[in-house]
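First comes the structure, then the notes that go with it.
One is the number of the first residue; the rest follow in order along the sequence. Every heavy atom of this structure was used, including side-chain atoms; hydrogens, water molecules and symmetry mates were not.
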Amino acid sequence: MNIKTFSASLLLPLLISTSGCAQQSAKKFDVNESVKPVIKNTQTVLQYVDPFIGTGGHGHTFPGAVVPFGMVQLSPDNPSKGWDWTSGYHYSDDQLLGFSHTHLSGTGVGDLLDILVMPFRGDYQKRRQNELKRVVSTYSHDQETASPGYYSLVLPEEKVKAELTATERTGVHRYHFEGAEPAKVLIDLGYAQNYDKAVATFMRVVDENTLVGYRVSTGWTDYQPTYFVAKFNQPFTHQYYLEGEPFFGTAPIKGDTINRPKTEVVLNFGDLSDKPLVVKVGLSYTSIKGAQKNLEAEVSDFNFDNVKSAAASMWSEQLSKFKVSDRDQDAKTKFYTALYHSFIAPQIFHDVDGRYFGADGAVHQSDDFSRYTLFSLWDTFRALHPLLTISDPARIDDMVESMLAFYDETGLLPTWDLMSNDTDVMIGYHAVPVLVDAYLKGLTDADPERLFEAVKASAMQDNFGIDYFKQYGYIPSELEVEAVSKTLEYAFDDAAIAALARELGKKEEADYFEKRANAFRTLFDKKTGFMRGKDQYGDWVKNFRPTHVDHRKTDYTEANAWQYTWFVPHDVPALIDLFGGNDAFVKKLDTLFSMSSEMEGSEVSPDISGLIGQYAHGNEPVHHVPYLYAYTDQKWKGENRIIEIRDTMYRNHVDGLAGNDDLGQMSAWYILSAIGFYPLNPFSGEYVYGTPEFDQVDIKLANGKVFSVKKRGQTSQNKYVKRILLNGQEVTSRSLNHQTLMSGGELVFEF
């Protein structure tokens with residue numbers, strides 16, 4: 001059935017039985033009590049994770065409960081005050097609207113925030129009499145805590161302590177209400193209108209312990225259905241509301257229902273002073289029945305502590321793949337928190353029975369792969385996906401098949417896949433290097449002919465200036481916005497296609513895409529030393545200013561010429577030659593980092609942050625740049641910049657990220673750079689050597705082997721790497737091969 005033609009009559013006939021209600025003893029609490037975590041004296045990796053890092057500044061992360069790659073991200077939401085609230089939460093805020101079940105981690109655009117739950121006291125209509133016309137409760141960060149898989153907050157006004165945890169497809173809440181005043185819970189399906197507008201909502205009270213429903217919304221995603229089943233361990237009475245007014249409706253359809261564009265229900269539990277309220281909410285993107293199956297499979301009872309413990313165990317297993325030995329506790333917190341943020345997305349998108357919502361709007365059945373979504377590929381192709389090939393090779397084939405299924409459903413690979421919708425928000429066809437990297441590393445069983453067909457389809461389409469790219473060999477600036485950036489990124493993606501074609505013995509196609517991969521040469525202006533726009537007649541664009549930025553209106557994407565000139569990761573030697581050799585190249589790199597950070601333009605993108613000179617680490621296009629020094633005779637300068645970036649752009653603080661985490665890309669840069677290498681060319685299977693931060697990092701590989709990275713002799717006087725030993729032999733190359741890494745062994749950096 002095509003879900004876009006959904007009918008309420010198809011969704012309503014659903015009977016849900018109430019499962020056994022495991023009572024838990026009530027825990028009294030003081031609303032003035034601090035609930036900050038106490039770090040126990042144990043050597044567990046979880047003590048080094050602080051989910052609040054990045055929730056301030058421009059990090060755009062959220063602090064709530066999630067398991068690795070989980071479908072549910074149960075987290076608190078503040079009233080939106082602008083761009084820095086895109087995750088639903090910002091640490092500068094102290095007002096709570098409730099806890100919703102889906103959140104984006106570190107993105108530059110907001111969406112999701114589905115199925116809002118808010119515990120409260122008092123008269124609902126009176127509580128809505130404020131500027132926001134919503135129930136709002138003030139809180140203090142002193143009474144807020146978070147750890148992997150768990151979040152807690154005391155709301156003094158409501159006299160309630162809220163606790164959240166999660167499984168892959170289920171959010172579990174526990175509320176401790178103090179006092180005999182009736183305990184109430186709001187379920188709001190019309191929430192988040194600023195980001196993700198509800199266009200159809202439905203709720204049905206099945207019995208005094210069970211509520212089901214769905215929310216269909218449009219925003220950054222064109223069409224997003226979210227279905228839920230909520231079961232409570234205490235009985236409730238209820239009242240539906242529309243825009244804050246009681247709704248009694250017409251004759252119900254097979255039960256007590258409400259079906260309107262935006263709906264709310266207030267559940268009244270009466271006096272809960274002597275017992276906790278536990279609610280478990282199963283999600284699905286296919287149907288209410290799918291949500292029910294997910295809930296039954298993952299949370300069989302109401303034991304909150306068991307779910308919390310299981311979530312912590314999942315995180316412990318995931319994060320323990322990396323063992324850091326070092327005395328710097330601050331750096332270890334940065335490292336393990338970065339790992340935590342790197343394993344939130346891509347996220348599982350299928351039900352426990354294999355059904356998933358496809359990019360064609362239909363529900364599909366998969367019995368042989370797990371469907372993933374949230375592919376922020378313009379960001380994550382650079383470091384996150386290569387990191388996952390090391391940490392989670394068993395997941396890579398499913399991610400490949402997910403992107404290929406997207407291709408089957410739409411005719412193109414995804415560029416930015418958000419809940420099986422392509423947002424088309426960024427440039428490039430960067431599913432290509434991710435797929436090629438997976439294939440060349442032997443991490444996918446996908447049919448290589450199907451794979452090649454898919455990558456070629458994205459490269460041969462006639463959208464986003466690709467038609468001009470094919471016609472002119474570059475994109476003329478007067479015909480397409482962001483022409484220079486698009487030319488450079490298409491050229492890189494084409495280099496990946498050429499590599500795949502060579503591997504498959506497709507000589508003619510390899511030659512064709514290799515020619516396109518050289519398009520960067522056409523836009524390099526030797527006179528100015530920058531990648532620069534040309535018109536369709538081959539003339540340079542006039543009034544060129546390399547520090548000029550005008551968000552999405554110039555030749556560059558969220559950047560300027562200083563930042564994009566270096567984007568030739570597939571052929572660094574050729575780029576050096578264009579500059580006139582080693583000395584000129586190093587001089588230009590030095591200037592990038594040492595010049596003024598001031599930029600011209602009427603609309604400088606807020607994404608351009610974390611500046612060292614004109615190097616902007618808070619955004620992705622320059623992430624490989626410090627490693628370009630490894631191709632020169634002054635590698636130590638790159639090491640110096642890597643250390644500076646690690647120390648200044650990543651901090652153990654709520655405002656600890658220099659820019660949006662972008663579903664883990666910022667964090668992945670730090671992880672790999674702290675270990676000691678980075679995938680400058682992400683599809684090459686090579687990791688360019690940098691400089692390690694820790695005394696030792698042991699990577700526990702999926703094949704049972706261990707790859708250890710150590711440093712020896714570093715002091716304030718011996719700051720730079722003198723030589724590198726791999727399994728006792730001195731290294732003469734500038735990079736580590738992926739297959740060598742996965743074979744296990746020891747890499748030693750001597751200073």
Between [X] and [Y], do the side chains contain an N or O donor and an N or O acceptor separated by less than 3.5 Å?
X      : Y      : answer
Tyr407 : Glu453 : yes
Tyr629 : Arg641 : no
His617 : Tyr670 : no
Thr547 : Asn560 : no
His60  : Asp661 : no

Which side-chain N or O atoms in residues 566-573 pair as donor and acceptor under 3.5 Å with protein atoms at least two apart or in another chain?
| unit_1 | atom_1 | unit_2 | atom_2 | d |
| --- | --- | --- | --- | --- |
| Trp566 | NE1 | Trp562 | O | 2.8 |
| His570 | NE2 | Ala517 | O | 2.9 |
| Asp571 | OD1 | Ala574 | N | 3.3 |

Q | Cation-pi, Tyr631 ring and Arg734 (6.0 angstrom, 45 degrees) | A | yes

Q) Hey, do the aromatic rings of Tyr429 and Phe464 have their centres closer than 6.0 Å? A)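 No, the ring centres sit 6.0 Å or more apart.
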
Strictly below 4.0 Å, N to O, side chains only: are [X] and [Y] in salt-bridge contact?
X      : Y      : result
Lys507 : Asp511 : yes
Asp447 : Arg450 : no
Asp494 : Lys515 : no

(Q) Please evaluate residues Tyr356 and Tyr285 with respect to the criterion ring pair (Phe, Tyr, Trp, His ring centres under 6.0 Å), reporting the C-alpha separation (whole Å), side-chain torsions for both, the decisive distance (0.1 Å), and the verdict. (A) CA-CA 7 Å; Tyr356 66 86; Tyr285 292 93; over 10 Å; no

Q: Report the C-alpha distance between Asn681 and Tyr627 in whole Å, list the side-chain angles of each, state the deciding distance to 0.1 Å, and finish with yes or no for side chain to side chain donor-acceptor pair (under 3.5 Å).
A: CA-CA 10 Å; Asn681 176 356; Tyr627 289 87; over 6 Å; no

Q. In Å, rounded to the nearest 0.5 Å, how long is the span from OG of Ser673 to CZ of Phe335?
A. 11.0 Å

(Q) Return the CD1 to CD distance between Ile475 and Gln536, rounded to the nearest 0.5 Å. (A) 13.5 Å

Q: State, with a plain yes or no, whether a side-chain heavy atom of Phe452 is found less than 4.5 Å away from one of Leu500.
A: yes

Q. Are the side chain of Gln665 and the backbone of Leu384 linked by a donor-acceptor contact shorter than 3.5 Å?
A.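 Yes, Gln665 side chain to Leu384 backbone: donor-acceptor pair under 3.5 Å.
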
Q) Can you tell me if Gln73 uses its side chain to pair, donor with acceptor, with the backbone of Gly70 under 3.5 Å? A) yes

Q: Pick out which of Asn421, Asp422, Asp417, Leu112 makes a side chain to side chain contact (heavy atoms under 4.5 Å, CB included) with Thr221.
A: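 Among Asn421, Asp422, Asp417, Leu112, the one meeting side chain to side chain contact (heavy atoms under 4.5 Å, CB included) with Thr221 is Asn421.
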
Q | Qualifying salt bridge (charged side-chain N to carboxylate O under 4.0 Å, His left out) pairs with a residue from residues 581-591, counting only residues at least two apart or across chains | A |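 Passing the test, one end in residues 581-591: Asp590-Lys637.
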
Q | Any pair counted as salt bridge (charged side-chain N to carboxylate O under 4.0 Å, His left out), so long as it reaches residues 555-567, sequence neighbours left out | A |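 Non-adjacent pairs meeting salt bridge (charged side-chain N to carboxylate O under 4.0 Å, His left out): Arg552-Glu558.
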
(Q) Here's a test for you: under ring pair (Phe, Tyr, Trp, His ring centres under 6.0 Å), which of Tyr564, Phe579, Phe544 qualifies with Phe530? (A)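 So the option named by the test is Phe544.
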
(Q) side chain to side chain donor-acceptor pair (under 3.5 Å) for Glu489 and Trp378? Distances and angles first, verdict last. (A) CA-CA 9 Å; Glu489 297 206 16; Trp378 184 80; 2.9 Å; yes

